[in-house]
There are 2 protein chains.
Amino acid sequence: MADRVAASRPGGRSGRVLTAIYTSVGELVGEGADKISFPVIAERAGVNPTTLYRRWADVNALLEEVAVAALTRDGESVPDTGSLQEDLTRWAEIIARDIARPERTRYLRAMVSARVETVSGCPVTEKRGEQASEVVLRARGRGEPAPTVEQVLDHVIAPLYHHVAFALPVDDEYARRLVRDVLAMVR
Amino acid sequence: MADRVAASRPGGRSGRVLTAIYTSVGELVGEGADKISFPVIAERAGVNPTTLYRRWADVNALLEEVAVAALTRDGESVPDTGSLQEDLTRWAEIIARDIARPERTRYLRAMVSARVETVSGCPVTEKRGEQASEVVLRARGRGEPAPTVEQVLDHVIAPLYHHVAFALPVDDEYARRLVRDVLAMVR
DNA sequence: TGCTTAAAGCAAAGATCATTGCGTTTTGTT
DNA sequence: AACAAAACGCAATGATCTTTGCTTTAAGCA
């Protein structure tokens, strides 16, 4: 039921198999497949289903892992324009555009489903926290009044993800509104 | 795949069957059952599985229906203390305590999973919007400066649900903090 | 270059889910 | 009371899914 242990043999065949599985998941999610199961993922990856059953507790756990990997493999750096308002706005817009994509929505659902009561927090939220911290600290370094990291997470990130989770519209305008609101708190 | 049509025969046997199904779902969710499927629900309800397959698109759709019913059957009225700060705080605390319960968390996950791209919004959010509207309108009637309904939804409700969805801690203190933040916007 | 063993493959068996056609019950209406 | 349609039950069937024991491969290391 819980996640399996970390791989103690990351290279060679094991590595190739893992890559194939990740790729398979990515393709399936991208295509909007409605039935994503271990056997289906395994077939496309050219791998034996047993491997999946033995390594992950369930499909959502695997989906979450892939989602985190996709988000964590940096490519997106936080905006640094010299203005808190501008940094936050651009950052929020980037996130809004990103998570509004159908694949991301799918991953989001998987992450919510995969959460267990005993486990607190998730890598994605932590990642967003780090990014928020970066922006906030820079602003404070410039002497600008800035919200706390928690406030940014609660009032910009949370509403964005909430909208996606409940299929409510998410666009740049909405992202900008959230940033306006959170900045209004510190004035 | 989509939800079936509304029942055109609400009484008698059909009504009893529906009640039995709802009860069954409630019990299973309450017990924290990990495998909730149509056959399982049906057996406990003393009903034929076919009935479920024919009426609901999938398990999550049924779970969402039960969740909405549980929330909508009023019992909880919105606080009316004469002070916006007080009303919002108490209301947020009520919600926080409610959704922090394991059963509610389970329902929340189901609602997120049940959402489809083509469908926008959900009954629960609408319900919260009505409640927020009530509090906000009363405050304005008294001449108090008040946030918009959207602001309450984005900055109080969304963070609460977000925390629950990602297994982050949710308590009274957190609820109060959110209310403080949203009120700070309008000053 | 071997050795050890983690990790993957294979195959079989069982469990559960999901679908479908058809007959039966029963609701709501005339 | 009688009818038509809706809703449910039943049973058979096929499709997946899931688990398990055992074998084979090959990664990491001495």
Side-chain angles (χ1 to χ4, degrees), chain A residues 1-25 27-29 31-66 69 109-110 113-114 116, chain B residues 1-25 27-29 31-66 69 109-110 113-114 116:
Chain A
M1 186 54 81
D3 219 330
R4 307 300 188 256
V5 291
S8 66
R9 215 175 247 190
R13 179 169 69 166
S14 300
R16 284 194 301 277
V17 166
L18 194 61
T19 301
I21 291 173
Y22 272 40
T23 303
S24 171
V25 169
E27 289 175 0
L28 286 169
V29 169
E31 293 170 10
D34 48 339
K35 296 284 185 186
I36 298 186
S37 66
F38 279 156
V40 171
I41 297 169
E43 193 192 10
R44 176 173 301 225
V47 163
N48 197 290
T50 312
T51 300
L52 306 187
Y53 283 109
R54 292 217 167 102
R55 189 181 298 212
W56 291 279
D58 53 55
V59 178
N60 281 327
L62 170 56
L63 280 178
E64 184 190 33
E65 202 173 293
V66 176
R109 292 195 214 294
S113 298
V116 188
Chain B
M1 186 56 81
D3 219 329
R4 307 298 189 258
V5 291
S8 67
R9 215 175 248 192
R13 179 170 70 167
S14 300
R16 284 193 300 275
V17 166
L18 194 61
T19 301
I21 292 173
Y22 272 40
T23 302
S24 172
V25 169
E27 290 175 359
L28 286 169
V29 170
E31 294 170 10
D34 49 339
K35 294 284 186 187
I36 297 186
S37 66
F38 279 157
V40 171
I41 297 169
E43 193 193 10
R44 176 173 300 225
V47 163
N48 196 290
T50 313
T51 301
L52 305 187
Y53 282 110
R54 291 217 168 100
R55 190 182 297 212
W56 291 280
D58 52 55
V59 177
N60 282 328
L62 170 56
L63 280 179
E64 184 189 34
E65 202 174 292
V66 176
R109 293 195 213 292
S113 297
V116 188

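Note on naming: letters A, B, ... go to the chains in the order of the sequence lines (proteins, then strands), and numbering restarts at 1 for each one. None of the values given here were measured: they were computed from a predicted structure.
- Ranked by how close their nearest DNA chain C nucleotide is to the 5' end, A/Arg13 and B/Thr50 are led by A/Arg13.
- A/Pro49 comes within 4.0 angstrom of no nucleic acid atom, judged by non-hydrogen atoms across all strands.
- Aromatic ring pairs are classed by plane angle as parallel below 30°, tilted from 30° to 60° and perpendicular above 60°; the pair A/Phe38 and A/Trp56 is tilted.
- The distance from atom CZ of A/Arg54 to atom P of C/dA6 is 13 Å, rounded to the nearest whole Å.
- Put simply, CG on A/Asp58 is 10 Å from P on D/dT19, counting in whole angstrom units.
- As a whole-Å value, the separation of B/Lys35 NZ from D/dT16 P is 18 Å.
- Residue A/Ser37 is in sugar-phosphate contact alone, with no base atom involved, counting any heavy-atom pair closer than 4.0 Å across all strands shown.
- Rounded to whole Å, atom C1' of C/dT16 lies 14 Å from atom CG of B/Asp34.
- If you check distances only, the side chain of B/Arg9 does reach the base of D/dA5 with a donor-acceptor pair under 3.5 Å.
- At a threshold of 4.0 angstrom between heavy atoms, the contacts of A/Ser14 are confined to the sugar-phosphate backbone, with no base atom among them.
- Counting only distance, with no hydrogens or angles, the side chain of B/Ser14 and the backbone of B/Pro10 share no donor-acceptor pair below 3.5 Å.
- For the pair B/Asn48 CG and C/dG23 P, the computed distance is 17 Å after rounding to whole Å.
- For A/Thr51, no side-chain nitrogen or oxygen approaches OP1 or OP2 of C/dA7 to under 4.0 Å.
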Exercise. Run the side-chain contact (heavy atoms from CB on, under 4.5 Å) check on A/Ile21 and A/Leu62 step by step: do they pass?
Worked result: CA-CA 9 Å; A/Ile21 291 173; A/Leu62 170 56; 3.9 Å; yes
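- Residue side chain A/Arg55 does not reach the base of C/dG9 through any donor-acceptor N/O pair under 3.5 Å, judged by distance alone.
- Contact annotation: B/Tyr53 reaches the phosphate of C/dA18 (side-chain N/O to OP1 or OP2, under 4.0 Å).
- The line from OG1 of A/Thr23 to CG of A/Leu18 is 9.5 Å long, rounded to the nearest 0.5 Å.
- Summarising the geometry, the separation between CD1 on B/Ile36 and C1' on C/dT16 is reported as 16 Å, rounded to the nearest angstrom.
- Between B/Arg44 and B/Glu31 there is a salt bridge, since at least one side-chain N of the basic residue sits less than 4.0 Å from a carboxylate O of the acidic one.
- The CD1 atom of A/Ile41 sits 15 Å away from the P atom of D/dT16 (whole-angstrom rounding).
- When the C1' atom of D/dA26 is taken as reference, atom CZ of A/Arg16 falls 9 Å away, rounded to whole Å.
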